[in-house]
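Here's the structure, in structure tokens; my notes come after.
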Amino acid sequence: MVKRSLEASLGGIEQAKKAFAHKGWTQDNLAFEVNLKTRQPIWRFFTGRPVERHIFIKICSVLSLNWREIAANAPEEFSESKELGTAEFLDIDALVQQVRSQRFDKIQDQCGTLQLLDVTRPVRIDDIYIDVNILEEIASLQWLEFADLQNFTSKEFDGFGLGEVSQTQMAGIAAVQTYSKLRVLGKPGAGKTTFLQHLAIQCNRGRFAANRVPIFVTLRDFADETRVAGEFHLLNYICEDFLTSGISDPSVLETLLLSGRVLLLLDGLDEVLHQQSKGVVNEIRRLSEKYQKNMFVVTCRTAAKALNLRRFTDVEIAPFSQDQIVAFTQKWFTAVTKTNTQDKQEQAFEFIEKLDLPENLQFQRLAVTPLFLHLACWVFHQQNKFPTQKPAFYKQCLDLLLGKWDETKPIERDEVYEGFLLPQKLKLLSQFASATFEQGNYFFEQRIVEQYISDYLGDLPNASTEPEELELESEGVLQAIELQHGLLAERVRGIFSFSYLTFQEYLTARKIVASYNLQALKQPLERLVTHITEPRWREIFLLTVVMLRNADFLVLLMKQEIDALAAQDPYLQKFLTWASQKSLAAPESAANRAFYLALAKTPHLTPYFALVCIFDQDIFLDVALDNLVMECKSNFADVYGCNDAVSNALVIVQDAGLHQVLQQLKDLLPDPEQSRESIQTWWQTSHSAWMEQLKTAIAKHRKIQHHWHFSPQQQQVLQQYYNANQLLIDCLNSNCEITDVVRQEIEASLLPIEEISKWEWQGG
């Protein structure tokens, strides 16, 4: 007969005291954690006196100690059925604590660490885990008309992807407490397995579902063993797992289940092969219905939600919020990198700071998923910056989704489109992405997706000529792309989109580059430049120019298209000629030309431009003179401001002629000390003439004109011209492959259309 009580050894007491001190608790705190009404058993424990077995084991569990190492003369491993049988343990609480104690190390080993992609050592789950949020409404189960989604902008698409369609979010652990039978859905890399591991560890330590025994099952392992055994029996599978912890009596598990004392965590329903999925689902249903008082949590990719689990509540892991991204990043750099603590914190802060920059919008879109956020942190850590070659990063993400992510687990998938190599998968997706993006569609009906797939399959060697067979194959390929890769997502019933807009943009650019390189034809790039004034195509240009082996032809086409924007308007040409001539004498003329263009279009923004160009005295002077004109346009009550503006300009002006004229004009201003009536009289009689003299002087000496008047249509053309030039400059600065001759030609020739005739431009 096993003793009903245990006492701590001298060495065990020392270990326990250290663990207790580390917690920073009082004995009353510990009694509360162990669910005791009095702290007397705690005092007895620390003084080496006998304590009831189940209380002794629970104290050790709460202190994260192995009770066998703490107890004096601990009994041998329980090997006889009576050891943990119901006859011996009428107190179910004692049985729970005993089983948890015996399985403590097993659960810690099974769920306590993560193997992050490209990281050579395991990372403790406590060091990296971020609490997840849950969407109680599954977006893909909504009924929406296709027309409701057709006019989405890219920003609205991002909002849709961030779960804004759901008004209700709750903490993941709260969802488990709310629903005793829960299925957690999520995209690949959303953190489903990590969430389940976290639940197991928290339960193992008594911090969650402290009156239950955690059991973690990887369903693909269960299915694999079942394939060998020939029958599905989840209870037997768990009993065999209990054997590894020294629990050989099947009645122990049966007792726990009948008493509702199990937290059963079943991971990866989607990872089970199709021919086994029905048997696995039926076994989960059978077990959950027979032992209803227990807690069941199953994870599954969102795309596999058709594997219906009766009486289970479906929820979906929400994308990371900004706060979660910050928290994950701080934990990641602390846990993964090997630099000192201060460097880790500084690099994490720098990562967040740069992630928020507008030029890193595409990384922001991906960072809402833990898998891609980890990858971005890893690349940033290696290079201390976000990759300038964005296509290479996107390609790495796609390679993960298209195969490597499953291989890291490893997961055996059904070969729905057997024989498709990675380049073929990318080609299919690129054709579809390009066609839909060209049409302005971020969302598309299922039949449209399947038609594109069918067209692609029909062009393959030995393709079926039977329409019905092609249709079935297309449905299978779509399911594989959605389920296995997570690249396409069913947003609402029957309506799909790319899971991330970034991938649709990258694949569109990839199709343009592939068509240009493989066919050696100019048409793909010529079609691209027709979209140079459309903001949604901006990222396509920036990706394409980097992906081309040589981008000379594209940037020259862009320059030609930009010049054509204002070619038919003589007034705009006159203005652009002025902007060009005004900037040619100054260094960095391309940047200056953009400044003067913006200055004429939006004079109220000159203080901002003065800050931007503060290190260029020539531009700074023009800003000061522009401010002078604006100040002196006010009313007669602001003679003080006018006087000060002229004085400020006189300090900066170095040209003797302009300085003399400005001084003369300053002398003509009324004395601010004069009466209000005198100043008002001067304003009414002399101000207009004074202003004309000021403008004439500035135009003569600085070639700045303040009388440009544009129609709304001309303002639109100028805005397009300005934005397109900025895009061209961004392309030139994107580390693309451009010959020095073309780069210099472009940078030196941002001229109006009449100047183009001076070039000898050669396309190709």
Close side-chain approach of Q322 to D356, heavy-atom, < 4.5 Å: yes
I need the full list of salt bridge (Lys or Arg N to Asp or Glu O under 4.0 Å) pairs touching residues 722-734, with sequence neighbours left out, sorted by first then second residue. R538-D730
Partner residues of E350 under the side chain to side chain donor-acceptor pair (under 3.5 Å) criterion, sequence neighbours left out: K354
For Q744 and D740, which I'm curious about, is there any donor-acceptor pair between the side chains at under 3.5 Å? no
Does R124 make a cation-pi contact with Y129, if we ask for NZ or CZ under 6.0 Å from the ring centre and within 45° of the axis? no
Just so I know, are the side chains of L428 and Y452 near enough to count as touching, which here means a heavy-atom distance under 4.5 Å? no
Main chain of I512, side chain of R527: is a donor-acceptor contact present, judged purely on distance under 3.5 Å? no
Which word best sums up how the rings of F328 and F320 line up, parallel for under 30°, tilted for 30 to 60°, or perpendicular for over 60°? tilted
Flag, side chain of Q345 to backbone of Q330, donor-acceptor distance under 3.5 Å: no
Would a distance-only check, ignoring hydrogens and angles, find a side-chain to backbone donor-acceptor pair under 3.5 Å from Q115 to V119? yes
Which label fits F498 and F444: parallel for a plane angle under 30°, tilted from 30 to 60°, or perpendicular past 60°? perpendicular
Counting N and O atoms only, with roles assigned by atom type, does the side chain of Q364 sit under 3.5 Å from a partner on the main chain of L355, one being a donor and the other an acceptor? yes
Answer yes or no: is there a donor N or O on one side and an acceptor on the other, between the side chain of Q197 and the main chain of C111, under 3.5 Å? yes
Quick one: do D399 and K395 make a salt bridge, cutoff under 4.0 Å? yes
Within 45 degrees of the axis of the six-membered ring of Y500 and under 6.0 Å from its centre: does K187 put its NZ or CZ there? yes
Below 4.0 angstrom, N of the basic side chain to O of the carboxylate: do E316 and R301 qualify? no
Which residue, E505, M547, Q362, forms the side-chain contact (heavy atoms from CB on, under 4.5 Å) with K390? Q362
For Q276 and A223, indicate whether the former's side chain and the latter's backbone hold a donor-acceptor pair under 3.5 Å. yes
Taking the side chain as everything from C-beta on, heavy atoms only, tell me whether I134 gets closer than 4.5 Å to I317. yes
Please check this pair: side chain of S434 against backbone of S430, looking for a donor-acceptor N/O pair closer than 3.5 Å. no
Any T194 side-chain heavy atom under 4.5 Å of I128 side chain: no
Checking ring-ring contact (aromatic ring centres under 6.0 Å, His included) for the pair F380/F386: CA distance, chi angles, key distance, verdict? CA-CA 5 Å; F380 189 90; F386 285 101; 5.1 Å; yes
May I ask you to test the W378-V336 pair for a side-chain heavy-atom distance under 4.5 Å? yes
Heavy atoms, side chains only, cut-off 4.5 Å: are C731 and L542 in contact? yes
Taking the side chain as every heavy atom from C-beta outward, state whether V742 and T739 have any atom pair closer than 4.5 Å. yes
Does the side chain of R183 reach to within under 4.5 Å of the side chain of V315, using non-hydrogen atoms? no
Hey, does the side chain of Q110 reach the backbone of F216 with a donor-acceptor pair shorter than 3.5 angstrom? yes
